[in-house]
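When a ligand or atom number is given, it counts from 1 through the structure's own listing order.
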Amino acid sequence: MLDVDVGRLISEAEDARTRAIAPLSGFTVGAALMTGEGKIYSGCNIENPSLTLSFCAERAALIKALTEGERLFLAMAIVSGDGGYCFPCGACRQMLFEFAPGIVLYLASDAGVKKYTIPELLPHSFKL
Ligand code: THU
């Protein structure tokens, strides 16, 4: 199993966060997703005045990777601009459960890094 360079993953998420488009909330988020082969896809949140069209950083990274044909994911780092931990929203948890059920999430804040799995964040999840 490939080792995850958590420091690098967090720094890729930080880099992606600088590209966030968040004029409505002012809350910027960056995510970096590592595949089974060690490739990294990053994403940032993209807001839209029609609020329901806004897109989270985690799903942006996941969609980028899936559309490139990636199917195996090992880890994701998530950072936000307020210095606190950014827990993925319900929609992102459900998407990660569907496409990356074994992923390890690294949430980075000014206070350090916390590690979570999808079953921890989305127990009793819906599946068909
Ligand atoms: N957001 C994310 O990008 N990821 C999360 O896990 C939570 C929320 C974004 C969506 C919106 O642009 C802003 O943060 C405030 O909700």
> Can K127 be said to sit on top of F97's aromatic six-ring, NZ or CZ under 6.0 Å from centre and within 45° of the ring axis?
Replying inline: no

> Do other residues, nucleotides or ligands put more than 12 heavy atoms under 6.0 Å from the CD atom of E37?
Replying inline: no

> Name the residues with a heavy atom less than 4.0 Å from ligand 1?
Replying inline: S25, F27, V29, N45, E47, C56, A57, E58, C86, F87, P88, C89

>> Measuring from atom CG of L62 to atom CD of E98, what distance do you get when rounded to the nearest 0.5 angstrom?
In response: 10.5 Å

> Between R8 and E12, does at least one N-O distance fall below 4.0 Å, as a salt bridge requires?
Replying inline: yes

>> Is the shortest side-chain heavy-atom distance between M34 and K39 below 4.5 Å?
In response: no

> Are E47 and I21 close enough that some pair of their side-chain heavy atoms sits under 4.5 Å apart?
Replying inline: no

